[in-house]
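Nothing fancy with the numbering, it's 1 onward along the sequence.
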Amino acid sequence: MTFTSQLIVERSAKGSRASVKEQEYLCHVYVRNDSLAGVVIADSEYPSRVAFTLLEKVLDEFSKQVDRIEWPVGSPASIHYTALDGHLSRYQNPREADPMTKVQAELDETKIILHNTMESLLERGEKLDDLVSKSEVLGTQSKAFYKTARKQNSCCAIM
């Protein structure tokens with residue numbers, strides 16, 4: 001991962017963002033104009049917009065906390081940047097980390113609920129149509145029964 005990340009950063013222009021497919025993963029790289037770069041390696045299901053948001057936040061914080069002189073010669077042993085773990089844990093679930101992803105997920109859920117509601121209404125409409133036709137048949141049959149009963153009762157006299 002380190003080799004792939006270094007290679008991608010070296011081949012990326014300053015001020016650019018890119019996503020490179022490496023086996024079953026996507027490597028999202030962001031190289032700032034001041035040559036500070038970051039790479040997020042995630043599976044293909046992880047939204048690239050969220051990965052670039054994470055990169056931007058981490059690089060901005062890193063540039064404020066760590067002196068620029070230490071960037072080229074620094075290593076994880078010599079540079080102490082503790083906020084990375086917090087960002088990584090927060091961005092594990094892209095829905096929670098990114099408001100737009102959260103809103104999109106809520107819209108998708110609402111759309112599914114609305115679709116199911118419309119199907120239920122259509123089914124109810126069909127059932128109502130069946131009930132109306134059955135009541136019309138019952139009405140016709142009751143009129144026929146009434147006429148038949150009247151004819152049969154008219155031949156007899158009540159005393």
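- When all heavy atoms of S44 and L26 are compared, the closest pair comes out as CA-CD1, 4.1 Å.
- The one candidate from T110, N116, T117 that meets the side-chain contact (heavy atoms from CB on, under 4.5 Å) condition with I113 is T117.
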Given the rule in the side-chain hydrogen bond (donor to acceptor under 3.5 Å, both in side chains) test, do H28 and S19 qualify, once you have shown the distances and angles that lead to the verdict? CA-CA 4 Å; H28 306 282; S19 295; 2.7 Å; yes
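- Taking NE2 from H115 and OG from S120, the interatomic distance works out to 10.0 Å, rounded to the nearest 0.5 Å.
- In terms of heavy-atom proximity, V39 sits nearest to L55 at N-CD2, 3.5 Å.
- The closest side-chain heavy-atom distance from E61 to K57 is not below 4.5 Å.
- Side-chain heavy atoms closer than 4.5 Å link hydrophobic residues (I, L, V, M, F, W, Y) into clusters, and following such links, even through other members, never connects Y30 to I8.
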Y91 and T53: CA distance, side-chain angles, deciding distance, side-chain contact (heavy atoms from CB on, under 4.5 Å) verdict: CA-CA 10 Å; Y91 277 80; T53 302; 3.7 Å; yes
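- Side-chain contact check for L54 versus L88: some heavy-atom pair is nearer than 4.5 Å.
- For the atom pair CZ (F62) and CG (L36), the distance works out to 6.0 Å, reported to the nearest 0.5 Å.
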Check the pair V58 / L84 against side-chain contact (heavy atoms from CB on, under 4.5 Å), numbers first and verdict last. CA-CA 7 Å; V58 168; L84 182 62; 4.0 Å; yes
Working for side-chain contact (heavy atoms from CB on, under 4.5 Å), residues M1 and Y25: CA-CA 10 Å; M1 288 192 312; Y25 298 103; over 6 Å; no
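- I41 places a side-chain heavy atom less than 4.5 Å from the side chain of S5.
- Crowding of R49 atom CZ: a count of heavy atoms from other residues, nucleotides or ligands under 6.0 Å exceeding 12.
- Taken from NZ in K64 to CG in L59, the straight-line distance is 12.0 Å, to the nearest 0.5 Å.
- Within the structure, every pair that satisfies the salt bridge (charged side-chain N to carboxylate O under 4.0 Å, His left out) test and touches residues 32-44, not counting sequence neighbours, is listed here: R32-D34, R32-D60.
- Across all their heavy atoms, T148 and A144 have their closest contact at OG1-O, 2.8 Å.
- Scanning both residues, S12 and V31, for their nearest heavy atoms gives CB-CG2, 3.8 Å.
- Residue pairs meeting the salt bridge (charged side-chain N to carboxylate O under 4.0 Å, His left out) criterion with at least one partner in residues 16-25, sequence neighbours excluded, are R17-E56.
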